[in-house]
Amino acid sequence: MGPQLKPAAERFAGYRQALASKVMAAGVKHHKTLDAIATVPRHAFMDAGLHGQAYEDSALPIGHQQTISKPSVVARMIELLHKPKHKLGKVLEIGTGCGYQAAVLSLLAEEVYSIERIRPLHDMARSKLRPFRINNLRLIYGDGILGLPQAAPFDGIILAAAGLGIPDALLDQLAIGGRLVAPVVRNEKEQQLLLIERMSSLRYQRTALDEVFFVPLQSGVV
Ligand code: SAH
């Protein structure tokens, strides 16, 4: 945990608590995830002009045609990443965006790696996260479709952007017993959340869950 995260977040405590209540009302039950939502100051990851909406349960623009994800969906995905009664070990996030979900994950996992393919967003996340001095989070500029072989295997992999399927490299880099949570495109209008658990080196168990809406997973860096 970033030792500075709690004290830095003392202001707006009521708003953060209210957001955690909205996330709980949306169906998230995992207490530690709800506590993390109640701890991270979401407005700090957004433009000043949007601070008034930061504690609503909605996705909002962060520039470069990308969004900060909807808090209840962030929390739902992080809840799914947890195996019952297990703490999260090493986690990979694809799609840092502004860095909000990475900050939430840093409170729950031992180590977090987060990849972003748009340079200005990677730089923005770095500067927005700096004041929190989170020491278990690494930001990487690159194409998340390739994963991060040098840090694999991961106990958890979470995608913040929707592709047509799950990239093979990410399935390979999942630890046995690890979980991957990702939105996947079903057709022009629909995306679905998938939970994939690696049962053995060759066997993956796949569960299709909620309907969701995410920005597209794109290849290459810009
Ligand atoms: N995690 C963010 C959500 C950001 S939106 C949050 O906390 O709210 C999803 C992000 O995924 C965008 O910034 C987009 O640029 C990024 N993205 C899309 N395809 C990617 C890829 N192949 N590798 C890394 N990042 C990618």
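Basis for what follows: all heavy atoms, side chains included, without hydrogens, waters or symmetry-related copies. Ligands are counted one by one from 1 in listed order, and the atoms in each one are counted from 1 as well.
Among all non-hydrogen protein atoms, the one lying nearest atom 11 (O) of ligand 1 is Gly95 CA, 3.1 Å. Protein heavy atom at the shortest distance from atom 16 (C) of ligand 1 is Glu116 OE1, 3.4 Å. Protein heavy atom in closest approach to atom 9 (C) of ligand 1: Ala160 O, 3.3 Å.
To the nearest 0.5 Å, atoms NE2 (His64) and CZ (Arg117) are separated by 12.0 Å. Atom CG of Leu139 and atom CG of Leu129 lie 5.5 Å apart (nearest 0.5 Å).
Listed by atom number, the atoms of ligand 1 under 4.0 Å from Ile68 heavy atoms are 8 (O). Set against the non-hydrogen atoms of Ala161, the atoms of ligand 1 under 4.0 Å away are 11 (O), 18 (C). The distance from ligand 1 to the heavy atoms of Leu217 drops below 4.0 Å at these ligand atoms: 19 (N), 20 (C), 21 (C), 22 (N). Near Thr96, the atoms of ligand 1 lying under 4.0 angstrom from a non-hydrogen atom of the residue are 1 (N), 2 (C). Interface of Tyr100 with ligand 1, defined as ligand atoms under 4.0 Å from a residue heavy atom, comprises 7 (O). Within the listing of ligand 1, atoms 23 (N), 24 (C) sit less than 4.0 angstrom from a heavy atom of Ile94.
In Val215, the part holding a heavy atom less than 4.0 Å from any atom of ligand 1 is the side chain. Residue contacts with ligand 1, taken as heavy atom pairs separated by less than 4.0 Å, involve Leu121 solely via side-chain atoms from C-beta onward. When heavy-atom distances to ligand 1 are checked against a 4.0 Å cut-off, Glu93 comes that close only through its side chain, counted from C-beta outward. Proximity of Ile118 to ligand 1, defined as any heavy-atom pair under 4.0 Å, is confined to the side chain (atoms from C-beta onward).
Judged by distance alone, with hydrogens and angles left aside, the side-chain atoms of Glu56 form no donor-acceptor pair with the main-chain N or O of Leu19 at under 3.5 Å. In this structure a side-chain-to-backbone donor-acceptor pair under 3.5 Å is present from Glu79 to His30.
Closest approach of Ala160 to Gln101, counting heavy atoms only: CB-NE2, 4.3 Å. Contact detail for Glu93 and Ser114: the closest heavy-atom pair is OE1-OG, 2.6 Å.
The heavy atom nearest to atom 7 (O) of ligand 1, out of those in Arg117, Gln101, Gln66, is found in Gln101. Of the candidates Thr67, Leu159, Val73, Thr67 brings a heavy atom nearest to atom 4 (C) of ligand 1. Of the options Gly220, Ala59, Ser69, Gly97, the smallest heavy-atom separation from atom 6 (C) of ligand 1 is shown by Ser69. One option in Met46, Gln218, Gln65 has a heavy atom closer to atom 21 (C) of ligand 1 than any other, and that option is Gln218.
Pro216 counts as a contact of ligand 1, since one of its heavy atoms falls under 4.0 Å from the ligand.
In this structure, Phe45 and Phe132 have parallel ring planes: the angle between them is below the 30° cut-off, well short of the 60° mark. Using bins of under 30°, 30° to 60° and over 60° for the plane-to-plane angle, the ring pair Phe12/Tyr55 lands in the parallel bin.
The pair Arg179-Glu197 counts as a salt bridge, with a side-chain nitrogen and a carboxylate oxygen less than 4.0 angstrom apart.
For the residue pair Asp57/Ser72, the side-chain donor-acceptor check at 3.5 Å is satisfied.
When only interatomic distances are considered, the shortest N/O to N/O separation between Gly144 and ligand 1 falls below 3.5 Å.
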Between Tyr204 and Arg198, does the side-chain hydrogen bond (donor to acceptor under 3.5 Å, both in side chains) criterion hold? Intermediate values first, please. CA-CA 4 Å; Tyr204 295 84; Arg198 188 169 194 174; 3.2 Å; yes
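Note that Arg138 lies outside the cation-pi zone of Tyr113, set by a 6.0 Å cut-off to the ring centre and a 45° limit from the axis.
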